[in-house]
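Here's the structure we're looking at; comments come further down.
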Amino acid sequence: MSQEETGAEDRIDEESARKALSEQQLVRREKLAKLQAEGRDPFAIVTWKQTHHSTEIKQGFEGLENKDVSIAGRLMSFRDIGKAAFIDVQDRDGRVQVYLNAEGIGEENYAHVKTWDLGDIIGVEGYVFKTKRGEISVHAKRMVLLTKAIEPLPEKYHGLKDPEQRYRRRYLDLVMNPQVMETFKKRTQIIRAVREYLDTRSYIEVETPILGTIASGAAARPFVTKSNALNLQLYLRIATELYLKRCIVGGMERVYEMGKDFRNEGIDIRHNPEFTMIELYQAYADYNDMMELCENLCSFVAQKVCGSTKVSYQGTEIEFAAPWKRITMVDSVKLYGGPDFSLIKNDEEARELAKKHGLEEELKKKLKDCSKGDILNAAFEKYAEKELIQPTFIMDYPADISPLTKQKPGDPSMTERFECFVYGRELGNAYSELNDPIVQNDRFMQQAKERELGDDEAYMFDEDFVSSLEIGMPPTGGMGIGIDRLIMFLTDSYSIRDIILFPTMKPNNQ
RNA sequence: GGGCCGUUAGCUCAGCUGGUAGAGCAGCAGACUCUUAAUCUGCGGGUCGCAGGUUCGAUCCCUGCACGGCUCACCA
């Protein structure tokens with residue numbers, strides 16, 4: 001018995017005592033120890049020349065027949081028929097079958113390959129051919145074990161089903177469920193298409209701080225963290241808005257940032273505490289320009305990634321082609337059976353209306369603290385929101401729930417703001433940006449009051465941002481789009497956890 | 001946070017009225033040179049999520065806890 005072998009077996013004994021290894025775990029560890037003792041440690045291998053992927057071989061069969069290829073991937077299936085065997089090798093793109101026998105790879109190596117396990121990472125060199133049953137395959141000439149998997153894979157037919165394990169151990173989900181790999185490839189394509197659309201229209205992509213002493217730009221509770229070096233409490237950003245507008249003040253004219261925002265709120269099928277958002281700002285534009293940009297951007301991305309502007313989401317056809325329906329918030333409430341807010345003159349009348357229509361449940365604050373705007377918003381959520389299945393712009397939001405938005409000319413209680421809804425869910429939010437520093441200062445003051453009254457989601461006062469407006473921000477249109485939500489629609493994903501590789505999970509104390 | 005449901009072999013799942021657990025895949029041993037959920041023969045594999053309680057006896061009934069799923073609430 002060599003030194004190495006002693007060491008390896010001792011290690012297994014120790015591990016076994018610590019963790020109570022299953023039979024299968026022990027078998028694989030022993031196989032590894034034996035390989036290492038024989039001087040063929042798979043973990044000592046550093047490279048493999050991969051000339052082709054599985055789909056290239058299958059799609060390019062005519063040009064590749066009888067030609068040599070070198071592939072690599074995970075051993076997913078082993079059909080041993082005695083003096084020959086068929087195995088499936090899975091790479092980034094999918095699987096390709098490999099045929100092997102003793103004549104092809106040599107007697108000794110053939111016996112060695114038979115000791116490999118499902119899940120091992122292997123390299124295969126051979127020529128491309130078609131089996132009698134017509135499956136395009138690689139006839140192996142050389143096979144190398146590149147990495148040993150010392151844990152067994154989930155079941156080959158049913159795969160990994162347990163949602164908890166799929167989210168916690170996404171690597172297994174990716175190995176076992178091809179649809180998951182497709183979804184995440186599509187996620188990348190969507191993000192790339194969004195960038196392409198904006199980059200070709202002279203937008204500058206920037207990066208703004210995630211850590212800051214003020215978390216503003218949205219109504220949400222932030223995560224709190226701390227800088228040791230500065231001995232300072234910091235927040236993780238909840239929006240990029242106020243920094244991007246500073247870029248507009250600085251003269252960038254068109255900017256965007258796509259990245260993570262963090263909101264310290266509930267988790268459900270539509271919300272993950274960290275999520276990807278794009279915000280973009282365009283000088284000399286207003287919310288009407290943002291509507292056009294939004295519908296054109298979304299239909300461009302859908303066309304590019306899904307091959308059509310029409311996609312199926314959870315059994316419902318969604319048509320992303322421009323133009324989308326446009327309707328004011330007041331009109332939408334009326335249209336879907338709610339009261340007519342155009343007849344309401346003041347907060348008092350609005351409160352009466354709220355009582356009459358049973359809106360108290362929808363309101364976040366006590367009725368007596370609610371403005372007409374709060375009540376209109378509640379009525380919208382009750383009557384209209386869930387009806388907005390096809391992409392729809394809801395225009396003109398109450399000023400008191402829109403502290404960063406320009407008022408409507410002629411109606412200071414309303415703002416030039418829209419949100420777009422798809423399948424009853426908010427997808428985006430845009431304004432004609434408020435650029436009057438004095439009004440902005442007043443709006444922040446109002447938010448500060450709300451905060452004092454206990455609303456911990458009221459906007460934090462950002463004095464430096466007001467200072468930037470004092471230097472002068474051109475009239476600007478801005479928009480935010482929830483990238484995760486867009487990806488959900490374009491990949492027909494029910495839950496946001498299905499389009500985030502590693503969704504937030506509680507630790508499972510095992 | 002509330003309600004409902006789930007947690008059994010590496011994985012996918014059975015397990016009836018309480019009597020210490022089964023199948024398929026995977027694994028191990030063997031047969032098979034065109035299989036593809038390969039097939040055939042044989043064998044091994046369990047802290048029934050955790051902690052209590054009731055009971056002669058608990059995977060099963062009760063309580064609490066943990067994690068997860070769905071849902072309502074919250075959430076721009």
Side-chain angles (χ1 to χ4, degrees), chain A residues 20-28 30-31 76-88 95-104 110 114-115 117-119 129-137 139 149-169 172 175-176 217-221 238-239 241 261 263-273 275 277 361-362 364 377 380-381 385 394 397 401-405 417-421 425-431 456-457 459 480-482 485 494-497 503 505-510:
Chain A
L21 295 176
S22 72
E23 181 192 4
Q24 296 198 49
Q25 291 171 317
L26 280 170
V27 166
R28 289 181 182 228
E30 277 158 13
K31 283 180 181 176
M76 296 302 290
S77 177
F78 204 122
R79 294 178 294 281
D80 180 357
I81 51 168
K83 296 198 169 58
F86 294 91
I87 64 172
D88 293 336
R95 296 184 185 185
V96 64
Q97 179 171 267
V98 171
Y99 174 76
L100 61 142
N101 58 20
E103 290 144 40
Y110 183 68
K114 283 198 175 193
T115 68
D117 291 302
L118 298 186
F129 77 113
K130 208 178 251 184
T131 64
K132 284 176 190 167
R133 294 280 182 91
E135 173 138 359
I136 294 161
S137 306
H139 193 119
I150 62 171
E151 288 284 328
L153 288 178
E155 209 247 2
K156 67 179 175 186
Y157 186 63
H158 297 95
L160 185 66
K161 285 262 175 63
D162 179 4
E164 181 169 359
Q165 293 306 315
R166 289 187 47 220
Y167 298 143
R168 283 192 199 282
R169 310 185 73 194
L172 274 179
V175 169
M176 299 309 299
R221 283 184 298 182
I238 57 174
E241 175 148 4
D261 285 346
R263 295 185 185 176
N264 207 340
E265 285 157 5
I267 301 176
D268 62 29
I269 53 164
R270 274 165 281 170
H271 298 85
N272 196 63
F275 61 100
M277 178 85 134
E361 286 172 28
E362 314 283 323
K364 286 153 209 157
N377 193 44
F380 169 74
E381 283 171 12
E385 189 170 16
I394 298 295
Y397 276 62
I401 59 168
S402 311
L404 302 171
T405 314
R417 171 183 178 184
F418 73 79
E419 290 191 352
C420 58
F421 289 84
R425 299 175 186 172
E426 183 199 339
L427 178 64
N429 181 19
Y431 330 129
D456 54 6
E457 293 190 353
Y459 288 50
I481 295 174
R485 296 223 176 135
Y494 177 68
S495 169
I496 196 169
R497 290 189 198 93
M505 302 283 277
K506 282 193 186 181
N508 58 342
N509 309 303
Q510 280 188 357

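Protein chains get the first letters and strands the later ones, always in sequence-line order, with residue 1 at the start of each.
- In the set B:C11, B:C32, B:A26, B:A26 carries the atom at the smallest distance from any side-chain atom of A:Leu118.
- A:Lys506 comes within contact range of the sugar-phosphate backbone alone, with a heavy-atom separation under 4.0 Å but no base atom that close.
- Listed nucleotides B:C75, B:G27, B:C34 differ in distance to A:Glu265; the shortest reach to its side chain belongs to B:C75.
- Separating the C1' atom of B:G27 from that of B:G10 is a span of 9 Å, rounded to the nearest Å.
- At least one side-chain nitrogen or oxygen of A:Arg497 sits closer than 4.0 Å to the OP1 or OP2 atom of B:C70.
- Across all strands, A:Lys31 comes closer than 4.0 Å only to sugar-phosphate atoms, never to a base (heavy-atom distances).
- As judged by a 4.0 angstrom heavy-atom cut-off over every strand, A:Arg95 is placed among residues making no nucleic acid contact.
- A:Asp261 and A:Ile238 get closest at one heavy-atom pair: OD2-O, 3.4 Å.
- Residue side chain A:Tyr99 does not reach the base of B:U35 through any donor-acceptor N/O pair under 3.5 Å, judged by distance alone.
- Whole-Å rounding puts the A:Asp80 CG to B:C34 C1' distance at 13 Å.
- Remark: A:Lys130 pairs with A:Phe61, A:Ile136 by the side-chain contact (heavy atoms from CB on, under 4.5 Å) rule, at least two apart or across chains.
- Nucleotides B:C61 and B:U8 have their P atoms positioned 16 Å apart, rounded to a whole Å.
- Rounded to whole Å, atom C1' of B:C32 lies 14 Å from atom CG of A:Leu100.
- With sequence neighbours excluded, the residues that form a side chain to side chain donor-acceptor pair (under 3.5 Å) with A:Glu155 are A:His158.
- A:Asp88 comes within contact range of no nucleotide atom at all, as no heavy-atom separation falls under 4.0 Å.
- No engagement by A:Ala218 is indicated, since no non-hydrogen atom pair under 4.0 Å with the nucleic acid exists.
- Nearest approach of A:Phe275 to A:Asn272, heavy atoms of both residues: CD2-O, 3.6 Å.
- The minimum heavy-atom distance linking A:Gln24 with A:Pro152 is given by the pair OE1-CB, 3.6 Å.
- The side chain to side chain donor-acceptor pair (under 3.5 Å) check on A:Ser137 picks up A:Gln97, with sequence neighbours excluded.
- One C1' atom belongs to B:A9, the other to B:U54, and the distance between them is 29 Å to the nearest Å.
- Taking A:Asp88 as the reference, A:Arg79 meet the side chain to side chain donor-acceptor pair (under 3.5 Å) condition, with sequence neighbours excluded.
- Mapping A:Ala220 and A:Thr115 onto RNA chain B by nearest heavy atom places A:Thr115 at the nucleotide closer to the 5' end.
- The strand RNA chain B forms stems, runs of 3 or more Watson-Crick or G-U wobble pairs with distances below 3.5 Å, at B:1-7 with B:66-72, B:10-13 with B:22-25, B:27-31 with B:39-43, B:49-53 with B:61-65.
- Remark: P of B:G27 and CD1 of A:Ile150 are 16 Å apart, rounded to the nearest angstrom.
- Comparing B:U71, B:G27, B:U12 by their nearest atom to the side chain of A:His158 picks out B:U12.
- Between the CG atom of A:Asp162 and the C1' atom of B:C70 there is a distance of 14 Å, rounded to whole Å.
- Using a 4.0 Å heavy-atom distance criterion, A:Arg168 is classed as a sugar-phosphate-only contact.
- Shown here are the side chain to side chain donor-acceptor pair (under 3.5 Å) partners of A:Arg497, two or more places apart in sequence or in another chain: there are none.
- Remark: A:Glu426 engages A:Glu419, A:Phe421, A:Asn429, A:Arg485 in a side-chain contact (heavy atoms from CB on, under 4.5 Å) (not counting sequence neighbours).
- Of the listed nucleotides (B:G68, B:U36, B:G45), B:U36 has the atom at the smallest distance from the side chain of A:Arg133.
- When the side-chain contact (heavy atoms from CB on, under 4.5 Å) test is applied to A:Pro273, the partners found at least two apart in sequence or on another chain are A:Phe223, A:Ile267, A:Thr504.
- Among the protein residues, A:Arg221 comes within range of no part of the nucleic acid, since none of its heavy atoms lies under 4.0 Å from any strand.
- Closest to the side chain of A:His271, out of B:C75, B:C32, B:G68, is B:C75.
- In this structure, A:Arg169 and A:Glu164 have side chains that are not in contact, with every pair of non-hydrogen atoms separated by 4.5 Å or more.
- Within the 4.0 angstrom heavy-atom criterion, base atoms lie near A:Gln97.
- Within the 4.0 Å cut-off from OP1 or OP2 of B:A26, at least one side-chain nitrogen or oxygen of A:Lys156 is found.
- When the C1' atom is compared between B:U36 and B:A21, the two are found 34 Å apart, to the nearest whole Å.
- At a threshold of 4.0 angstrom between heavy atoms, the contacts of A:Glu103 include nucleobase atoms, whether or not backbone atoms are also involved.
- B:U35 and B:G19 are spaced 47 Å apart, taking the P atom of each and rounding to whole Å.
- Look at A:Arg79 and you'll find a side-chain N or O under 4.0 angstrom from OP1 or OP2 of B:A38.
- Distance, A:Leu26 CG to B:G44 C1': 13 Å, rounded to whole Å.
- Spacing of P atoms, B:C16 relative to B:C11, comes out at 22 Å, to the nearest Å.
- The side chain of A:Tyr167 sits closest to B:G69 out of B:C28, B:U33, B:G69.
- Backbone-only contact: A:Ser77 has heavy atoms under 4.0 Å from sugar-phosphate atoms and none from a base.
- Using a 4.5 Å heavy-atom cutoff, the side chains of A:Glu241 and A:Tyr459 are not in contact.
- A:Gly159 comes within 4.0 angstrom of sugar-phosphate atoms only, judged by non-hydrogen atoms across all strands, and of no base.
- Between the P atoms of B:C70 and B:U63, the separation comes to 25 Å (whole Å).
- Closest contact between the side chain of A:Asp268 and the listed nucleotides B:A73, B:U36, B:C32 involves B:A73.
- For A:Asp456 and B:C75, the CG to C1' distance is 12 Å, given to the nearest whole Å.
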Dump every N/O contact between nucleotides 5-10 of chain B and the protein below 3.5 Å, one line per pair.
unit_1, atom_1, unit_2, atom_2, d
B:G10, N7, A:Gln24, NE2, 3.4

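- The distance between atom CD of A:Glu30 and atom P of B:C28, rounded to the nearest whole Å, is 11 Å.
- Both A:Glu419 and A:Met505 lie near RNA chain B, and the one whose nearest nucleotide falls closer to the 5' end is A:Met505.
- Using a 4.5 Å cut-off on side-chain heavy atoms (C-beta onward), A:Lys31 and A:Ile150 make no contact.
- Comparing the P positions of B:G69 and B:U12 gives a spacing of 15 Å, expressed to the nearest Å.
- The distance between atom CG of A:Asn272 and atom P of B:C75, rounded to the nearest whole Å, is 18 Å.
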